[in-house]
Amino acid sequence: MTALSACGGGADEGLPLRLEISHALAGQPLKLGQETALPTSEHLSVDHLRYYLSNFRLHGIDGRWSAAAHSDADARGYFLVDESQPTSKLFDIAGFGKGEYDGIEFVIGVDAARNSAGVQGGALDPAQGMFWTWNTGYIFFKLEGHSPESSARNQIVEYHIGGSREPTPARTVVLPLGVKPVKLDPKLVATVHLQGELATLFEGEPGLRIADKPTIMDPAAGATVADRYAGMFRVDHIHHEPRRDR
């Protein structure tokens, strides 16, 4: 799993941005195993929530983009978020240039190059349980739970979205960082707090109804879910603190 980076912003690594993630369901903090009424009048209890974030970039106030560090030799720059693992929801993204930034971009999922690169390590290790041996490719987004509206066995809800087929269910997200820019400086720790609202998966048209589709495993059928999770994030708040490890 991912762990909080010890990067101190050296010349080789660039500067880190700290990302903290929280999840909500229908406006309430997500609690695993707790049934919640959705805006669609259906109900859902989430037992497991896991997904990949990757390919981070920051948009500078000067109009230029700064990309996070990555490596072809390891899984640096790829993060597996797991609601049951608090440390996976707080991590440093290394490699940005010093400056002020007004936007953030990232991918929900794994890009084509790494998705087709076979067995890998770190966050992309198949032992993480996010790799389809039968379908060849990673599961980008996994939500499992229960619903009284589900017609599946034991009223389960399972959405496993991913695979290596085209068109890819990876989705690029671009978010503004607010009125005041994020400042990356060797003397500061900048933290962006993202909130992901899972009810977004079930809203809008065409809507996703649990009664109609309690389980989705096929990559093609997962396009609707992928389009929904592309819009589930917002920047909740940002703060800067003096760096204490220098």
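If you read the sequence from its start, that first residue is 1, and numbering goes on from there.
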Which pair of heavy atoms, one from [X] and one from [Y], lies closest together, and at what distance?
X    : Y    : result
L208 : L201 : CB-O, 3.4 Å
H240 : P181 : CE1-O, 4.1 Å
A75  : A123 : CB-N, 3.9 Å
P169 : A226 : O-CB, 3.4 Å

Can you list the residues that meet the side chain to side chain contact (heavy atoms under 4.5 Å, CB included) rule with [X], with sequence neighbours excluded?
X    : value
D111 : N55, Y78, A113, R114
A230 : R171
V173 : F106, I108, L175
T200 : E197, E203, M232

Step-by-step salt bridge (charged side-chain N to carboxylate O under 4.0 Å, His left out) determination, D218 to R165: CA-CA 10 Å; D218 180 77; R165 299 181 194 170; 3.6 Å; yes

Walk me through whether L143 and D47 qualify under side-chain contact (heavy atoms from CB on, under 4.5 Å). CA-CA 8 Å; L143 184 149; D47 299 325; over 6 Å; no

Got a second to check how far [X]'s [atom1] is from [Y]'s [atom2], nearest 0.5 Å?
X    : Y    : atom1 : atom2 : result
L38  : R209 : CG    : CZ    : 9.0 Å
L32  : S45  : CG    : OG    : 9.5 Å
L19  : I93  : CG    : CD1   : 4.5 Å
F233 : L194 : CZ    : CG    : 6.5 Å

Do [X] and [Y] touch side chain to side chain, with heavy atoms closer than 4.5 Å?
X    : Y    : value
L15  : P186 : yes
V192 : V235 : yes
L188 : K183 : yes
V81  : L53  : yes
V174 : I104 : no
R243 : P16  : yes
V225 : I216 : yes
L124 : V110 : yes

If you look only at pairs with a residue in residues 21-40, which of them pass as a side-chain hydrogen bond (donor to acceptor under 3.5 Å, both in side chains), with sequence neighbours excluded? H23-Y51, H23-E83

[X] (side chain) donor-acceptor with [Y] (main chain) under 3.5 angstrom:
X    : Y    : answer
D102 : K180 : no
S66  : F96  : no
N115 : G163 : yes
Q128 : M130 : no

Counting only pairs under 3.5 Å, give me each side-chain donor-acceptor contact of residues 151-160, with atom names and distances, residues two or more places apart or in other chains.
from: Q155; atom 1: NE2; to: P148; atom 2: O; distance (Å): 3.3
from: Y159; atom 1: OH; to: K213; atom 2: O; distance (Å): 2.7
from: H160; atom 1: NE2; to: E144; atom 2: OE2; distance (Å): 2.8

Sequence neighbours left out, what passes side-chain hydrogen bond (donor to acceptor under 3.5 Å, both in side chains) with E149? Give chain and number order. H43, S147

Taking only residues at least two apart or on different chains, which pairs with a member in residues 186-232 satisfy ring-ring contact (aromatic ring centres under 6.0 Å, His included)? F141-Y229, H193-H237, H193-H239

Which residues share a salt bridge (Lys or Arg N to Asp or Glu O under 4.0 Å) with [X], sequence neighbours left out:
X    : result
D236 : R234
D212 : none
K98  : D185

Hydrophobic clusters here meaning ILVMFWY residues chained together by side-chain heavy-atom distances under 4.5 Å, can you tell me if F131 and I139 are in one? yes

Hey, any chance V107 and F91 share a hydrophobic cluster, counting ILVMFWY side chains that come within less than 4.5 Å of each other, even indirectly? no

For H59, all residues meeting ring pair (Phe, Tyr, Trp, His ring centres under 6.0 Å), sequence neighbours excluded: W65

When you compare the side chains of Y138 and Q120, does any donor N or O come within less than 3.5 Å of an acceptor on the partner? yes

Sole candidate of H48, R50, K142, K89 that passes side-chain hydrogen bond (donor to acceptor under 3.5 Å, both in side chains) when paired with D82: R50

Evaluate the side-chain contact (heavy atoms from CB on, under 4.5 Å) criterion for residues D92 and L17: first the C-alpha distance (whole Å), next the side-chain angles of each, then the deciding distance (0.1 Å), finally the verdict. CA-CA 6 Å; D92 283 0; L17 174 71; over 6 Å; no

For the pair V46 and L25, evaluate side-chain contact (heavy atoms from CB on, under 4.5 Å) and give the outcome as yes or no after the intermediate values. CA-CA 9 Å; V46 177; L25 183 59; 4.3 Å; yes

Residue pair I61, Y101: steps toward the side-chain contact (heavy atoms from CB on, under 4.5 Å) verdict: CA-CA 5 Å; I61 60 174; Y101 298 92; over 6 Å; no

